Protein chains: 2
Amino acid sequence: MGDGQDLKTRFGGPAESPGLLLWRTTMRWQRVMTAALAPLDLTHVQFVLLASAMWLGRNGEPPNQVQLAAQAGTEVKMTSDVVARLEAKGLIAREADPRDSRAKVIRITPAGAASAQQAIVAVEAADAAFFEPVDEAQLVGMLRQLAGEIR
Amino acid sequence: MGDGQDLKTRFGGPAESPGLLLWRTTMRWQRVMTAALAPLDLTHVQFVLLASAMWLGRNGEPPNQVQLAAQAGTEVKMTSDVVARLEAKGLIAREADPRDSRAKVIRITPAGAASAQQAIVAVEAADAAFFEPVDEAQLVGMLRQLAGEIR
DNA sequence: CACAGATAATCTGTGTGCAGATCAAATCAT
DNA sequence: ATGATTTGATCTGCACACAGATTATCTGTG
């Protein structure tokens with residue numbers, strides 16, 4: 001029977017909405033990442049910013065916070081906050097930019113690099129397991145269409 | 001062309017990781033939903049709980065907070081907090097359950113029902129536009145495999 | 001009946017996510 | 001070069017997301 005829909009909508013039932021599915025999938029993925037990174041005392045966003053900073057430092061000049069945020073796809077304010085936490089943990093260091101006294105240049109410490117290396121292994125393993133049920137390339141193709149520009 | 005990778009990983013570059021794409025896609029979707037619901041003074045989670053409560057109330061007995069959380073796929077604590085906000089806005093009402101004095105039965109007010117109806121229209125339009133670039137059925141099929149059970 | 005264990009709701013505390021505002025330094029236009 | 005505008009970083013404040021603890025209540029077993 002028509003499952004009692006007196007609304008001109010499918011909302012609420014088995015939650016067919018792609019948006020709700022997307023949201024729940026991401027929350028589950030976040031929980032998986034949180035669990036994978038917990039032994040390293042890193043959150044997912046902390047990991048993304050740490051690894052992004054490491055990548056930028058290796059493939060060019062060490063970035064300031066705005067450049068790091070652009071690379072990682074995070075809010076500038078978030079980046080400021082999270083980078084401060086990473087600094088407090090001794091994983092990155094912030095120095096004044098000699099070219100722009102407003103900016104702070106971000107460098108990975110040896111401890112940060114070691115932590116990032118372990119985290120990358122853990123995250124990629126968790127990622128592979130999470131997406132194992134589906135065709136990853138196909139999903140990536142669709143998400144690329146939806147993710148939009150970095151900001 | 002090997003773009004200078006001395007790590008045994010692809011992390012950081014153009015962000016090929018399905019996890020990161022999933023994360024960014026969901027954040028962008030959240031911004032779209034926030035914008036669509038802003039005129040109605042509702043956040044996305046508030047909308048989900050309001051609409052879920054309405055659906056449950058129409059298709060059976062009005063739920064308590066645990067049942068609502070299970071339906072909506074939200075944390076019990078979140079549900080408690082957000083439902084309190086919805087109550088403060090006059091969109092739902094909480095009554096003591098005569099059968100279980102621990103529980104609170106949630107009912108939609110007329111204002112809540114009106115608000116939910118408008119919100120559903122706005123959200124479904126925004127959803128359709130957001131997912132227009134891709135094959136929605138195909139994406140839903142993949143997300144179903146990944147979203148996991150409601151909790 | 002009594003009591004252990006489960007359940008409903010809430011509280012504390014940490015960590016995002018983001019809008020809006022502030023402030024100082026850099027850059028642009030005249 | 002001087003005033004207007006941008007830009008980099010930070011702050012306030014609100015709203016999730018979730019782990020862990022608390023309180024009150026319910027249920028099952030003897």
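Proteins come first, then strands; the chains are lettered A, B, ... in the order of their sequence lines, and each starts at number 1. Remember, predicted model here, so these are calculated numbers, not experimental data.
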Gap between atoms CG and C1', on A:L86 and C:dG15 respectively (whole Å): 12 Å
Interatomic distance where CG belongs to A:L68 and P belongs to D:dG8 [whole Å]: 13 Å
Within-4.5 Å side-chain heavy-atom neighbours: A:Q118 and A:V121: no
Interatomic distance, B:W29 CH2 vs C:dG17 P [rounded to whole Å]: 15 Å
Any A:S101 side-chain nitrogen or oxygen under 4.0 Å from OP1 or OP2 of C:dA26: yes
Donor-acceptor contact below 3.5 Å, side chain B:S52 vs main chain B:V48: yes
B:T74 side chain to B:T79 backbone, donor-acceptor under 3.5 Å: no
B:K89 NZ to D:dC14 C1', straight-line distance once rounded to whole Å: 11 Å
Nucleotide D:dC14, atom P - distance to CG of B:D41 in whole Å: 14 Å
Contact under 4.0 Å: B:W23 side-chain N or O vs C:dG17 OP1/OP2: yes
A:D100 vs A:K77, nearer the 5' end of DNA chain C by closest nucleotide: A:K77
side-chain contact (heavy atoms from CB on, under 4.5 Å) evaluation trace for A:K89 with A:Q46: CA-CA 11 Å; A:K89 289 181 185 179; A:Q46 287 168 22; 2.7 Å; yes
Donor-acceptor contact present, side-chain B:R94 to main-chain B:N64, <3.5 Å: no
Residue mapping more 5' on DNA chain D - nearest nucleotide basis, B:D81 or A:D81: A:D81
Distance in angstrom units between A:Q67 CD and D:dA9 C1', rounded: 13 Å
Under 4.0 angstrom between A:Q30 side-chain N/O and C:dG17 OP1 or OP2: yes
Touch class at under 4.0 angstrom, heavy-atom based, for B:R85 against every strand present: sugar-phosphate
Phosphate-side-chain proximity, A:R31 and D:dC18, N/O vs OP1/OP2 below 4.0 Å: yes
C:dT10 phosphate, OP1 or OP2, under 4.0 Å from B:S80 side-chain N/O: yes
Complement of C:dA21, any strand, by Watson-Crick or G-U distances under 3.5 angstrom: D:dT10
Under 3.5 Å donor-acceptor pair, B:R102 side-chain atoms to C:dA8 base atoms: no
Whole-Å gap separating P (C:dT16) and CE (B:M27): 12 Å
Separation of atom CE in A:M78 from atom C1' in C:dA19, rounded to whole Å: 12 Å
Which residue lies more 5' along DNA chain D, comparing A:A103 with B:Q46 via nearest heavy atoms: A:A103
A:D81 vs A:K77, salt bridge (charged side-chain N to carboxylate O under 4.0 Å, His left out): CA-CA, chis, key distance, verdict: CA-CA 6 Å; A:D81 293 345; A:K77 175 56 166 59; 2.6 Å; yes
Closest to the A:T43 side chain, choosing from C:dA9, C:dT16, D:dC16: C:dT16
Below 4.0 Å: OP1/OP2 of D:dT10 and any side-chain N or O of A:Q65: yes
Sugar-phosphate, base or nothing in reach of B:K104, heavy atoms under 4.0 Å: sugar-phosphate
B:R94 side-chain N/O to C:dT10 phosphate OP1/OP2 under 4.0 Å: yes
